[in-house]
Peer 1: 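The structure that follows is given in the form of structure tokens.
Both counts, for ligands and for their atoms, begin at 1 and track the order of listing.
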Amino acid sequence: MFEHIIVATDGSDHAKEAVKVACDLAKKYGSRLHIVHTPQAVGDTLIVGYTAVPVPPTKEEIEKSGREVIGATESVVRECGVTDFTSQMVSGDPAHAIVEEAKAHKSDLIVMGRRGLGSLTGLLVGSTTTKVAQLAPCAVLTVK
Ligand code: ATP
Ligand code: MG
């Protein structure tokens with residue numbers, strides 16, 4: 001039923017659950033699995049005396065952290081027994097990146113967490129998932 005599944009991860013526990021569900025479906029349907037991650041720079045601050053100085057991470061630091069998320073996700077996928085998978089780190093807006101990857105890979109299913117790394121407690125569905133559900137060219141499965 002599902003030939004090409006995309007799973008989106010921000011490295012959160014929610015996304016890890018989504019990866020496990022995506023793997024289960026991939027094994028059941030013999031699907032190709034594609035992992036997508038968009039590393040995000042979350043501005044940090046350095047306190048110098050009484051002053052908070054913004055210290056944005058460098059491009060290299062962002063890419064390094066992105067590679068770590070991809071590597072950790074690939075390990076989970078292998079542990080789940082899936083061998084037919086690819087992965088891609090994409091820059092830019094995560095929702096658009098996920099939708100573009102889904103189009104490029106002619107995916108018939110996108111699997112993602114209902115929430116991610118966001119800190120807004122009480123939010124039922126995160127902004128990335130909401131946006132992907134609106135723009136996706138295929139089915140979207142959100143995992144709690
Ligand atoms: P918000 O970002 O709106 O504050 P949130 O972080 O809790 O809230 P989302 O960002 O919508 O919620 O995350 C939900 C799911 O979207 C994640 O579990 C993951 O599957 C996917 N996702 C979020 N950010 C990224 C990202 N940067 N790269 C790839 N997938 C992502
Ligand atoms: Mg988020």
Peer 1: Would you confirm whether Gln40, through its side chain, and Gly92, through its main-chain N or O, come within 3.5 Å as a donor-acceptor pair?
Peer 2: yes

Peer 1: With a cut-off of 4.0 Å, which atoms of ligand 1 are near a heavy atom of Gln40?
Peer 2: 27 (N)

Peer 1: Tell me the protein heavy atom at minimum distance from atom 5 (P) of ligand 1, and give that distance in Å.
Peer 2: Gly116 N, 3.3 Å

Peer 1: Decide yes or no for Gln88 and His34: does some side-chain heavy atom of the first lie under 4.5 Å from some side-chain heavy atom of the second?
Peer 2: yes

Peer 1: Is there a donor-acceptor pair closer than 3.5 Å between any side-chain N or O of Arg78 and the backbone N or O of Gly81?
Peer 2: no

Peer 1: Is the shortest N/O to N/O distance between Ala8 and ligand 1 below 3.5 Å?
Peer 2: yes

Peer 1: So for Val111, does at least one of its heavy atoms come nearer than 4.0 angstrom to any atom of ligand 1?
Peer 2: no

Peer 1: Test your reading of the model: is there a side-chain donor-acceptor pair from Thr129 to the backbone of Gly113, 3.5 Å cut-off?
Peer 2: yes

Peer 1: Determine whether any heavy atom of Thr9 lies closer than 4.0 Å to an atom of ligand 1.
Peer 2: yes

Peer 1: Would you kindly confirm whether Met112 and Val21 end up in one hydrophobic cluster when ILVMFWY residues are joined by side chain heavy atoms under 4.5 Å apart?
Peer 2: no

Peer 1: Just jot down the ligand 1 atoms closer than 4.0 angstrom to any heavy atom of Val36, in number order.
Peer 2: 29 (C)

Peer 1: Okay, side chain of Lys27, backbone of Cys80: is any donor-acceptor separation there less than 3.5 Å?
Peer 2: yes

Peer 1: Of all the atoms in ligand 1, which lie at a distance below 4.0 Å from a heavy atom belonging to Pro94?
Peer 2: 25 (C), 26 (C), 27 (N)

Peer 1: Which protein heavy atom lies closest to atom 6 (O) of ligand 1, and at what distance to 0.1 Å?
Peer 2: Gly118 N, 2.7 Å

Peer 1: Just heavy atoms, cut-off under 4.0 Å: does Val125 contact ligand 1 by side chain, backbone, both, or neither?
Peer 2: neither

Peer 1: Mind checking whether Arg115 has an N or O less than 3.5 Å away from an N or O of ligand 1?
Peer 2: yes

Peer 1: Quick one: nearest non-hydrogen protein atom to atom 2 (O) of ligand 1, plus distance?
Peer 2: Ser127 OG, 3.6 Å

Peer 1: For atom 16 (O) of ligand 1, what is the nearest protein heavy atom, given as residue, atom name and distance?
Peer 2: Met112 CE, 3.3 Å

Peer 1: Are the side chain of Ser31 and the backbone of Phe2 linked by a donor-acceptor contact shorter than 3.5 Å?
Peer 2: yes

Peer 1: Mind checking whether His14 has an N or O less than 3.5 Å away from an N or O of ligand 1?
Peer 2: no

Peer 1: Look at atom 24 (N) of ligand 1 and say which protein heavy atom is nearest, naming residue and atom and giving the distance to 0.1 Å.
Peer 2: Asp10 CB, 3.4 Å

Peer 1: Is Glu61 paired with Lys64 through a side-chain N to carboxylate O contact shorter than 4.0 Å?
Peer 2: no

Peer 1: Output the list of atoms in ligand 1 that are nearer than 4.0 Å to some heavy atom of Gly126, sorted by atom number.
Peer 2: 3 (O), 8 (O), 9 (P), 11 (O), 12 (O)

Peer 1: Would Gly113 count as being in polar contact with ligand 1, using the rule that some N or O on each side must be under 3.5 angstrom apart?
Peer 2: yes

Peer 1: State whether the side chain of Ser87 and the backbone N or O of Ile70 hold a donor-acceptor pair below 3.5 Å, judged by distance alone.
Peer 2: no

Peer 1: For ligand 1, which part of Leu117 has a heavy atom less than 4.0 Å away: the side chain, the backbone, both, or neither?
Peer 2: backbone

Peer 1: Salt bridge between Glu63 and Lys59, side-chain N to carboxylate O under 4.0 Å?
Peer 2: yes

Peer 1: For atom 27 (N) of ligand 1, find the nearest protein heavy atom and state the residue, atom name and distance (0.1 Å precision).
Peer 2: Thr38 O, 2.7 Å

Peer 1: Any N/O of Thr128 closer than 3.5 Å to an N/O of ligand 1?
Peer 2: yes

Peer 1: Using a strict 4.0 Å cut-off to heavy atoms of His37, name the atoms of ligand 1 that fall inside it.
Peer 2: 28 (N), 29 (C)

Peer 1: Using modelled atom types and a 3.5 Å cut-off, is there a donor and acceptor pairing between side-chain atoms of Arg67 and backbone atoms of Met89?
Peer 2: no

Peer 1: Please walk me through it: do Thr128 and Asp10 pass side chain to side chain contact (heavy atoms under 4.5 Å, CB included)?
Peer 2: CA-CA 10 Å; Thr128 312; Asp10 58 355; over 6 Å; no

Peer 1: Would you confirm whether Asp84, through its side chain, and Arg32, through its main-chain N or O, come within 3.5 Å as a donor-acceptor pair?
Peer 2: no

Peer 1: When you compare ligand 1 with Ile98, is there at least one nitrogen or oxygen pair between them that comes in under 3.5 angstrom?
Peer 2: no

